[in-house]
There are 2 protein chains.
Amino acid sequence: MASYRDKKVITIGIVHELTGLSERRIRYYEERGLIFPERTTRGTRKYSFSDIELLIKIANKREEGVQTNEIKKDMQNERKKKNMHDGIIQGQLNAHFKTNSRPNIK
Amino acid sequence: MASYRDKKVITIGIVHELTGLSERRIRYYEERGLIFPERTTRGTRKYSFSDIELLIKIANKREEGVQTNEIKKDMQNERKKKNMHDGIIQGQLNAHFKTNSRPNIK
DNA sequence: CGTGTAAGGAATTCTGACACG
DNA sequence: CGTGTAAGGAATTCTGACACG
């Protein structure tokens with residue numbers, strides 16, 4: 001995991017080129033907690049391809065009139081749903097192997 | 001193909017961060033025809049992840065004392081070998097299906 | 001609330017050149 | 001030949017703020 005898709009290496013200018021979103025909007029969505037670029041040593045933002053895909057989804061929601069607040073909640077719910085699903089899988093695995101998740105790991 | 005690995009979206013500063021190579025060297029390898037970044041509308045270079053991997057290979061060769069000239073020839077030979085191999089495969093496919101590569105495509 | 005814009009400073013990138021070896 | 005460096009200009013990015021609605 002954490003392949004090319006998730007490596008944060010793209011500057012905001014290129015993100016703008018790729019998405020058509022203004023730099024203002026891109027920064028604003030970060031301010032609202034929808035997206036989390038990393039920073040270079042000297043402070044310029046770095047985005048990943050998956051950030052770019054997320055930005056496009058966000059922009060589409062905004063076009064439908066959804067507020068950033070709502071978008072954020074939706075994203076958190078997706079997260080929760082995914083984690084629940086993973087929990088179920090893990091539960092099934094545990095039951096199958098009749099063992100704890102991390103036995104005897106100090 | 002032409003997935004994330006091959007999209008040219010990384011500025012030279014980030015390439016430097018990722019490879020440790022000086023910007024001077026990165027530009028020089030372009031000058032010698034070893035690497036081919038694209039440009040933004042206003043002229044700044046953009047590299048792909050595969051460019052970065054290639055740069056690392058080039059740097060390793062250079063450490064062994066191989067000249068850029070040699071490295072370039074080696075790269076061209078790899079290309080040729082690969083194309084020959086593809087040709088063989090294609091020939092086998094053609095023989096197998098007793099057909100031309102692109103029949104009746106206008 | 002979401003986005004545009006003007007503002008000023010700091011950091012980035014570019015090219016062509018000189019240096020050394 | 002391969003790489004460093006200083007030079008000057010142009011473009012980028014950053015933050016905080018005002019505007020409108």
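Naming: A, B, ... by sequence-line order, numbering from 1 per chain.
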Asks: It should be established whether B/Thr11 places a side-chain nitrogen or oxygen under 4.0 Å from OP1 or OP2 of nucleotide C/dT13.
Replies: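 Yes.
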Asks: Could you identify which residues of residues 22-34 of chain A place a heavy atom less than 4.0 Å from some atom of DNA chain C, listed by residue number, or say none?
Replies: A/Ser22, A/Arg24, A/Arg25, A/Tyr28, A/Tyr29, A/Arg32
Asks: Taking for each residue the nucleotide of DNA chain C bearing the nearest heavy atom, is the 5' side occupied by A/Arg42 or by A/Thr68?
Replies: A/Thr68
Asks: Under the rule for salt bridge (Lys or Arg N to Asp or Glu O under 4.0 Å), what residues qualify as partners of A/Arg32, not counting sequence neighbours?
Replies: none
Asks: Look at A/Glu70 together with A/Lys73 and state whether they make a salt bridge at an N to O cut-off of under 4.0 Å.
Replies: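 The answer is yes: the pair qualifies as a salt bridge.
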Asks: Could you check B/Arg62 against B/Thr40 and say which one's nearest nucleotide on DNA chain D is further toward the 5' end?
Replies: B/Arg62
Asks: Rounded to whole angstrom units, what separation is found between the CD atom of A/Glu63 and the C1' atom of C/dG2?
Replies: 14 Å
Asks: Just the rounded figure in Å: distance from P of C/dG2 to CG of A/Leu21.
Replies: 14 Å
Asks: Between residues 43-55 of chain B and DNA chain C, which residues have a heavy-atom gap below 4.0 Å?
Replies: B/Gly43, B/Thr44, B/Arg45
Asks: State, with a plain yes or no, whether a side-chain heavy atom of A/Ile71 is found less than 4.5 Å away from one of A/Met75.
Replies: yes
Asks: Decide whether A/Ser50 and A/Asp6 meet the rule of one side-chain donor and one side-chain acceptor closer than 3.5 Å.
Replies: yes
Asks: Over how many whole Å does the gap from A/Arg39 atom CZ to C/dT12 atom P extend?
Replies: 13 Å
Asks: Quick check on side-chain contact (heavy atoms from CB on, under 4.5 Å): which of B/Thr11, B/Ile14, B/Val9, B/Ile26 does B/Tyr47 satisfy it with?
Replies: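 Testing B/Tyr47 for a side-chain contact (heavy atoms from CB on, under 4.5 Å) against B/Thr11, B/Ile14, B/Val9, B/Ile26 leaves exactly one candidate, B/Ile26.
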Asks: Quickly work out the B/His16 NE2 to C/dC14 P distance and round it to whole Å.
Replies: 14 Å
Asks: Suppose we screen for side-chain contact (heavy atoms from CB on, under 4.5 Å). Which residues come up paired with B/Ile52, at least two apart in sequence or across chains?
Replies: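 B/Ile10, B/Val15, B/Leu18, B/Thr19, B/Ile56.
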Asks: Just how far, in rounded Å, is C1' of C/dT13 from CD of B/Glu38?
Replies: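 Interatomic distance, CD of B/Glu38 to C1' of C/dT13: 17 Å.
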Asks: Tell me yes or no: between the side chains of B/Tyr28 and B/Arg24, is some donor less than 3.5 Å from an acceptor?
Replies: no
Asks: Residues two or more places apart in sequence or in another chain: which of them pass side-chain contact (heavy atoms from CB on, under 4.5 Å) with B/Lys57?
Replies: none
Asks: Under 4.0 Å between a side-chain nitrogen and a carboxylate oxygen: does that hold for A/Arg27 and A/Glu31?
Replies: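 Between A/Glu31 and A/Arg27 there is no salt bridge, as every charged N stays at least 4.0 Å from the carboxylate O atoms.
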Asks: Starting at the 5' end of DNA chain D, write a dot or bracket for each base, bracketing those in Watson-Crick or G-U wobble pairs whose two distances are under 3.5 Å and using | for partners on another strand.
Replies: .||||.||.|.|.||.||||.
Asks: Output the rounded distance in Å from NZ (B/Lys61) to C1' (D/dG2).
Replies: 17 Å
Asks: Provide, to the nearest angstrom, the distance between the CD1 atom belonging to A/Ile10 and the P atom belonging to D/dT12.
Replies: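 Nearest whole value for this atom pair: 17 Å.
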Asks: Salt bridge between B/Lys7 and B/Glu38, side-chain N to carboxylate O under 4.0 Å?
Replies: no
Asks: With B/Asp51 as reference, evaluate B/Arg45, B/Lys8, B/Lys46, B/Arg5 under the side chain to side chain donor-acceptor pair (under 3.5 Å) test and give the passing residue.
Replies: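 Exactly one option meets the side chain to side chain donor-acceptor pair (under 3.5 Å) with B/Asp51, and it is B/Lys8.
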